[in-house]
2 protein chains.
Amino acid sequence: MKMHNPPHPGEVLRQLCLEPLNLTVTDAARSLGVSRKALSSILNGRTGISPEMAVRLSMAFNTSAESWLNQQLQYDLWHAEKSRKSLHVARLSAA
Amino acid sequence: MKMHNPPHPGEVLRQLCLEPLNLTVTDAARSLGVSRKALSSILNGRTGISPEMAVRLSMAFNTSAESWLNQQLQYDLWHAEKSRKSLHVARLSAA
DNA sequence: ACAAGTGTAACCTATATGGTTACAGGCTGC
DNA sequence: GCAGCCTGTAACCATATAGGTTACACTTGT
């Protein structure tokens, strides 16, 4: 049912990529070709994973770009669903 | 392999939701609770599907918000992959 | 004490979403 | 012909996001 608060992709990135390799934020950012601030912002849940960042992560960690964007999608969607009740939309489909 | 240029979600929206119900852009926008310009911009591939818009579509057409965002993800990712070669990223993982 | 790593604030930029208004073109019916 | 409706879109606005640089304070290890 996927009803639980999905973690921010930044948490996953830190736990699954940086920590196992004992990478510092500074070093990882340098390798990714982004600023230390950009990576820190993701790791601390302040910024989402952009399509370009997903491609960078896939290159550096030999993973799937789609999986990163999918985690971001789940995270964004979960928060968007919280405002579902406040949107006034008329039903147009059959049922 | 999903290697083909994915269609913009706006095309799909028009063909699968508006046309079957004989909905005008004006009427659909009113029902969705957004401006006619916002919907037109999506239908013509100029704007992506935002999380909030995905929830609106799911309410109006009794569909899954996730499916709309997934289509958007595929579309965005396909374009982001095109710049993969121009990004300088150092490999950090094992292989 | 000093160096390294970290989070983050302040500032800049570019881009994206979406609203309102207004216009021009295409139909359709009278 | 003309009125009415639908459409795309331009111009303008506000807001939010992503990312860059610089600088600062804090913590930790040597």
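Throughout, protein chains are lettered first and strands after them, A, B, ... in sequence-line order, and every chain is numbered starting at 1.
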Among [options], find the nucleotide with the atom closest to the side chain of [X].
| X | options | value |
| --- | --- | --- |
| B/Lys37 | D/dG8, C/dG19, C/dT6 | C/dG19 |
| B/Thr47 | D/dG19, D/dT7, C/dG18 | C/dG18 |
| B/Met53 | C/dG18, C/dA10, D/dT7 | C/dG18 |

Phosphate-side-chain proximity, [X] and [N], N/O vs OP1/OP2 below 4.0 Å:
| X | N | value |
| --- | --- | --- |
| B/Ser41 | D/dT9 | no |
| A/Ser40 | C/dG7 | yes |
| B/Ser35 | C/dG18 | no |
| B/Ser50 | C/dG18 | yes |
| B/Arg46 | C/dG18 | no |
| A/Thr24 | C/dA4 | no |

Round to the nearest Å and state the distance from [X] atom [atom1] to [N] atom [atom2].
| X | N | atom1 | atom2 | result |
| --- | --- | --- | --- | --- |
| A/Leu57 | D/dA18 | CG | P | 13 Å |
| B/His79 | C/dT15 | NE2 | C1' | 16 Å |
| B/Ile42 | C/dT17 | CD1 | P | 8 Å |
| B/Leu32 | C/dG18 | CG | C1' | 14 Å |
| A/Glu11 | C/dG7 | CD | P | 13 Å |
| B/Asp76 | D/dA18 | CG | P | 12 Å |
| A/Leu18 | C/dT6 | CG | P | 9 Å |
| B/Leu39 | C/dT20 | CG | P | 14 Å |

Is any side-chain heavy atom of B/Leu73 closer than 4.5 Å to one of B/Leu69?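 Not touching, per the 4.5 Å side-chain cut-off.
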Between [X] and [Y], do the side chains contain an N or O donor and an N or O acceptor separated by less than 3.5 Å?
| X | Y | answer |
| --- | --- | --- |
| B/Asp76 | B/Gln72 | yes |
| B/Ser40 | B/Asn44 | yes |
| B/Ser58 | B/Trp68 | no |

Please determine whether any donor N or O and acceptor N or O are separated by less than 3.5 Å between the side chain of A/Arg36 and the base of C/dG7.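 Under the 3.5 Å cut-off, the side chain and the base do form a donor-acceptor pair.
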Counting any heavy atom closer than 4.0 Å, what does B/Arg14 reach on the DNA or RNA strands: base, sugar-phosphate only, or nothing?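 Sugar-phosphate, no base atom in range.
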Would you call A/Arg84 and A/Glu81 a salt bridge, using N to O less than 4.0 angstrom?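 Salt bridge between A/Arg84 and A/Glu81, a charged N being under 4.0 Å from a carboxylate O: yes.
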